[in-house]
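Report on one structure; see the data block that follows.
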Amino acid sequence: MVFNLLYFYNQTSKDTSLINITYNKAIQTSKDAFKNPNYDFEYLLNLSEYVLSEDDKDIELIDNLKLMAKEYSKDYPYFFSHTYYRLSNLKAFKEYSIDNDLEKLDKEIDNSIKILDSLNTILPYVYSFEYVSINKLRASIAVEMENNELKVERMKNIVRLCEEYMAFDSLNYSYDLADYAIPLAENYYSKEEYKVAEEYYLKAEKGLKILSSLDSAYYYNLGSHYNAMGDAFLHQEEYDKAIEIYNRSMELEDKVLLSQKEYYNKILGNAYFFRGDAKRAKEDYKSALEDYIIADKHFQKSLLVDTTTLLVLGELEIARGFTFYTIGQKQEAEKSFKKSVDYFEKGVKGIIFKKYITALDLLIEIYKENNDVDNFLINKNKLIKVYDDYSKLNYSYAYNYIETTNELANLYSKAKDSKTSMDYYRLGLNKALQLEEIGAEVKKTKLGLLFNIGDKEMDNMLLDSAAVHFKEALEINKICFMDTAYAIYVQNNKEICEKLGITYCMIGDNNQDEKYSYQDGKAYLLKAVESLEEMNFAESDKSVYNMSNLNFILGQINSNLGQSLEAEKSYKRAISLLLPLSLKDNYDLNGDMQKYHIYLGRLYMDKMDN
């Protein structure tokens, strides 16, 4: 047989001329067979099989064989239609290897598959494996063509075929069913088409159940599949269904690894958590708390291998605390919020978790309501530490840090603890300086902090440092507001100059030989007076009183500088400004008026002595 010789020479001979002679003879034989209908078609079958098994045959030979196969298929459809189909595919791939025309290849494959359609009609299931394979190939071509719509359509066809053929070969088609149904489900899941996703998850479940019954390794796939299916229900807020599906995963606990078992507990806990939240939103607080208890049990079982569950437990305790607080069980709410803070403190480090801040805020609020000062301060300082840590990961939290340190500084200021108040203001300033180093705009923040620090340094007799801070505040005020918000600039200027003037006076009081401090103090107080006059102080009783007090202090400074005439003028102006206010029923200024007159009287006595 010529074909046998060709095969023999191809396997054993190094003489390419001999192979070519035999090869040409094979072609001629195939043509003779085509001319003679009575010729034994074994030649055609043998040569076709040879061509299909080798890679170096030309397209002309394939075309000749296709013609012969088509002719013989009239009488022998079972043999030669299938041969024709295979040759058609071979030709399509030969041409693709030359021109790389993917759309042309797809079209040729699409045409050849129609032959298998007709064969399946005549002989159901005989070519099922090949039929599924060619459809898988078409899906792969759609992927290469980056045609997602076509890919999905062809994958859906594969799923349909696998479902049809599973009775014929449950193992292979169960595998393919799961292999294609799962990505289809995921595709629809990603598009939030959860109902369609559910449909394909259920199809995949059929295949995975059969596979896992035959091979225990597939229990992992089945469990993962149930989890994905449960997720689809969870996103539809069908919590009862999600819990039912997740519980199917839990039934596989004894058949999977510990890590998988713990994960199953975690996602089932999530489902109960979400259902509890939904019930709480509907004010079904009793049922919500019941679900939170079950969620907690499942989360606890996942802690062994998944420390991130600590964060979830922290969130759960926030929800539970809210529920207790809503129904008036504030002691239970406090316990839950404390647990939440504990979980977050033990949780994963080096990440920003906003719920930790929420838990601390809620616990702080509880302590505030209960007037529990010690625990209030402990947790406020924890919050400051959290903001400090988070600011290293995201600088925006530095502003929260400054705000919280200011809050504590103000509280200590009200409690007359100026030393601690000053320390917290300084913490805020240090953080502001860190922000400034990275180019953040913090001048206005620094202005307030510098003023407050200077004020507390005055209380603690750190006068030189206070003067430095007040002067820096003056410069920042000028930069920030002089050209853009003049009224604010004048107001701030008055406040800072007043404090700076008094600071220099205090420095002078502590060093009687130092006249320059009084002179500096007088200069700044005069600037404060100037700013107050610019603010139309007469329109406000508070401003009038402030102007009266400034003139009284100027009177003291002038007296210390030996400038008795200016001192007399300042005292008299202070008294004249205070007098109208003292006559009003809503003010008790007799003490101030008496003090002003005493200092004026002393000035006159000193003049008489001199």
Side-chain angles (χ1 to χ4, degrees), residues 152 155-156 159-160 162-163 166 174 177-213 218-256 259-302 306 308-309 312-313 315-316 319-320 322-323:
V152 168
M155 289 174 70
K156 287 166 74 173
V159 169
R160 180 186 63 77
C162 289
E163 285 185 302
M166 275 178 68
S174 293
L177 178 62
D179 207 30
Y180 283 87
I182 289 174
L184 278 171
E186 290 170 348
N187 172 70
Y188 286 111
Y189 182 90
S190 67
K191 295 178 179 178
E192 299 183 4
E193 296 181 36
Y194 299 118
K195 289 292 183 185
V196 186
E198 177 190 344
E199 176 189 337
Y200 281 97
Y201 278 131
L202 290 170
K203 291 178 185 294
E205 182 187 11
K206 295 177 188 176
L208 287 172
K209 275 187 170 180
I210 292 171
L211 291 169
S212 57
S213 68
Y218 282 99
Y219 280 119
Y220 168 75
N221 304 73
L222 184 59
S224 299
H225 173 69
Y226 283 140
N227 296 339
M229 200 158 83
D231 290 348
F233 284 121
L234 206 64
H235 277 84
Q236 296 175 79
E237 298 182 2
E238 295 186 30
Y239 302 117
D240 294 341
K241 283 188 177 181
I243 288 169
E244 177 191 342
I245 297 298
Y246 288 140
N247 270 309
R248 293 188 197 175
S249 297
M250 294 304 298
E251 292 171 4
L252 304 174
E253 271 191 305
D254 298 333
K255 300 179 175 69
V256 296
S259 59
Q260 294 156 5
K261 184 189 301 185
E262 303 305 331
Y263 179 69
Y264 296 167
N265 273 289
K266 183 175 181 178
I267 59 175
L268 183 56
N270 276 332
Y272 279 108
F273 186 3
F274 292 151
R275 190 171 77 173
D277 279 351
K279 289 177 178 178
R280 179 163 60 91
K282 295 177 181 178
E283 300 183 2
D284 185 359
Y285 301 119
K286 182 180 178 182
S287 295
L289 287 170
E290 289 172 355
D291 275 350
Y292 291 149
I293 290 171
I294 299 172
D296 185 40
K297 289 178 180 177
H298 285 290
F299 287 143
Q300 295 294 343
K301 290 179 181 179
S302 70
D306 188 0
T308 59
T309 304
V312 182
L313 279 163
E315 291 187 65
L316 176 66
R320 186 145 50 175
F322 263 131
T323 309

Measuring from atom [atom1] of [X] to atom [atom2] of [Y], what distance do you get when rounded to the nearest 0.5 angstrom?
X	Y	atom1	atom2	result
Asn187	Glu193	CG	CD	8.0 Å
Tyr239	Asn270	OH	CG	11.0 Å
Lys195	Glu238	NZ	CD	4.0 Å
Leu316	Phe273	CG	CZ	5.0 Å
Ile267	Asp231	CD1	CG	6.0 Å

Any side-chain heavy-atom pair of Lys286 and Glu290 under 4.5 Å | yes

Donor on one side chain, acceptor on other, Tyr189 and His235, under 3.5 Å | yes

Modelled atom types, side-chain donor and acceptor of Lys266 and Thr308, under 3.5 Å = yes

Under 4.0 Å between a Lys/Arg side-chain N and an Asp/Glu carboxylate O for Arg320 and Glu315?
-> no

Asp291/Arg280 salt bridge by N-O under 4.0 Å criterion | no

For residues Ala181 and Val159, report the shortest heavy-atom separation together with the two atoms involved.
-> N-CG2, 3.8 Å

Report yes or no: does Ser287 contribute a side-chain atom to a donor-acceptor pair with the main-chain N or O of Asp284 at less than 3.5 Å?
-> no

When you measure from the side chain of Tyr272 to the backbone N and O of Asp296, does any donor-acceptor pair fall under 3.5 Å?
-> no

Test side chain to side chain donor-acceptor pair (under 3.5 Å) on Asp277 and Tyr292 and set out the steps.
-> CA-CA 9 Å; Asp277 279 351; Tyr292 291 149; 2.5 Å; yes

